[in-house]
Amino acid sequence: MKRVIVSAVLFLCLGASLSAQKSVEPCWTVRGSASYLPSVPTVLLPFVAIGIGLSTDSETENSDGLLLPVFSVETLYSPGPRWSFGVDVSYSRTFFRAVNKTTGEVRNQFDLSLIPVMAEARFNYLSSPRVHLYGSAEAGVLLLPGNDDPVIFSAQLNPIGVEFGGRFFGLAELGVGFSYTGLRAGIGYRF
């Protein structure tokens with residue numbers, strides 16, 4: 001417990017010293033990121049895969065699947081050092097099927113593509129030339145290509161995020177929502 005308290009005090013001291021520095025925030029930022037953990041709509045997909053796998057006859061059928069990472073591209077505008085606003089577009093696809101070994105006939109199939117398009121607001125807790133600690137909230141629409149109801153509401157909450165570097169930087173975020181759940185990492189460029 002003492003280590004946790006000492007670590008928290010040191011972190012706060014570091015944050016205070018970094019936030020005391022004047023940060024020159026560029027106006028535009030472009031970020032690309034990926035996460036392999038499923039989003040809220042795809043949390044049930046492992047159970048779908050298990051169901052398809054259990055329903056196949058291993059002697060006559062093969063089951064295979066594909067769970068792509070969630071890829072995101074963001075563009076942010078920063079009017080000052082504390083706030084940034086922008087657009088986040090993501091893509092993910094999940095595919096499972098059971099195929100007859102001899103005839104090649106598909107018996108069971110599940111295919112889902114998700115494209116969240118969301119407006120984003122971000123607050124920088126700490127803004128220095130090399131480190132940005134922030135939280136963000138996003139809201140918009142979730143496009144489901146090939147489905148009867150192709151547009152539904154979408155949201156994402158990222159309470160903890162960090163960017164480290166100068167114009168070219170790395171990023172890591174912890175969040176939950178329709179784009180991803182868990183941790184995502186990526187790279188970005190400020191201009």
Side-chain angles (χ1 to χ4, degrees), residues 11 15 18-19 23-46 48 66-95 111-191:
F11 183 73
L18 289 175
S19 65
S23 173
V24 178
E25 179 89 14
C27 290
W28 290 96
T29 302
V30 176
R31 303 171 3 140
S33 60
S35 174
Y36 205 72
L37 296 174
S39 61
V40 169
T42 59
V43 166
L44 296 177
L45 293 181
V48 171
L66 172 69
L67 178 60
L68 289 177
V70 179
F71 298 103
S72 297
V73 175
E74 297 171 76
T75 301
L76 296 168
Y77 174 72
S78 303
R82 289 287 179 204
W83 288 96
S84 298
F85 304 97
V87 176
D88 182 357
V89 179
S90 302
Y91 174 78
S92 67
R93 181 174 180 228
T94 304
F95 177 77
D111 192 355
L112 179 65
S113 294
L114 303 172
I115 304 173
V117 179
M118 296 183 283
E120 178 178 0
R122 178 175 121 174
F123 179 75
N124 294 311
Y125 307 127
L126 170 69
S127 185
S128 74
R130 294 278 179 206
V131 177
H132 297 270
L133 295 176
Y134 59 88
S136 64
E138 303 173 20
V141 295
L142 179 64
L143 307 174
L144 303 166
N147 290 336
D148 294 338
D149 298 322
V151 179
I152 60 173
F153 174 76
S154 180
Q156 179 73 31
L157 181 62
N158 307 320
I160 301 170
V162 61
E163 292 178 351
F164 45 91
R167 284 204 180 275
F168 185 72
F169 61 90
L171 67 99
E173 291 181 342
L174 181 65
V176 63
F178 285 81
S179 291
Y180 74 97
T181 298
L183 181 69
R184 80 172 163 180
I187 58 172
Y189 184 76
R190 295 182 179 93
F191 56 96

Sequence-distant partners of I187, side chain to side chain contact (heavy atoms under 4.5 Å, CB included), two or more places apart: F168
Output all residues satisfying side chain to side chain contact (heavy atoms under 4.5 Å, CB included) with P145, sequence neighbours left out; order by chain, then residue number. S113, I115
NE2 of H132 to CG of L126: how many Å apart, nearest 0.5 Å? 8.5 Å
Between F85 and P79, is there a side-chain heavy-atom distance shorter than 4.5 Å? yes
Considering only heavy atoms from C-beta outward, does the side chain of L144 approach that of L114 to under 4.5 Å? yes
Does P81 offer a backbone N or O that forms a donor-acceptor pair with the side chain of N124 under 3.5 Å? yes
F169 six-ring centre to R190 NZ/CZ under 6.0 Å and within 45° of normal: yes
Taking side chain to side chain donor-acceptor pair (under 3.5 Å) as the test, write out the residues that go with R31, two or more places apart. E74, Y134, E163, E173
Heavy-atom closest contact (P159 atom, G175 atom, distance): CD-CA, 4.3 Å
Hey, are the side chains of R122 and L76 touching, using non-hydrogen atoms and a 4.5 Å cut-off? yes
Spacing of CG belonging to D88 relative to CE belonging to M118, to within rounding of 0.5 Å: 5.0 Å
Would you mind reporting whether S72 and R184 have side-chain heavy atoms less than 4.5 Å apart? yes
Are side-chain heavy atoms of S154 and I152 found at a separation under 4.5 Å? no
Applying side chain to side chain contact (heavy atoms under 4.5 Å, CB included) to V73 and not counting sequence neighbours gives none
I'd like to know if the side chain of Q156 reaches the main chain of Y180, judged simply by a donor and an acceptor atom lying under 3.5 Å from each other, with no hydrogens or angles considered. yes
Answer yes or no: is there a side-chain heavy-atom contact under 4.5 Å between Y77 and C27? yes
For F123, check side chain to side chain contact (heavy atoms under 4.5 Å, CB included) against everything at least two apart and list the hits. R82, W83, Y125
Would you check, one step at a time, whether the test side-chain contact (heavy atoms from CB on, under 4.5 Å) holds for L143 with V117? CA-CA 8 Å; L143 307 174; V117 179; 4.2 Å; yes
Evaluate the side-chain proximity of V162 to L171: yes if any heavy-atom separation is below 4.5 Å, no if none is. no
Partner set under side chain to side chain donor-acceptor pair (under 3.5 Å) for S136, not counting sequence neighbours: N158
Please tell me if the side chains of Y189 and R167 come closer than 4.5 Å, counting only heavy atoms from C-beta onward. yes
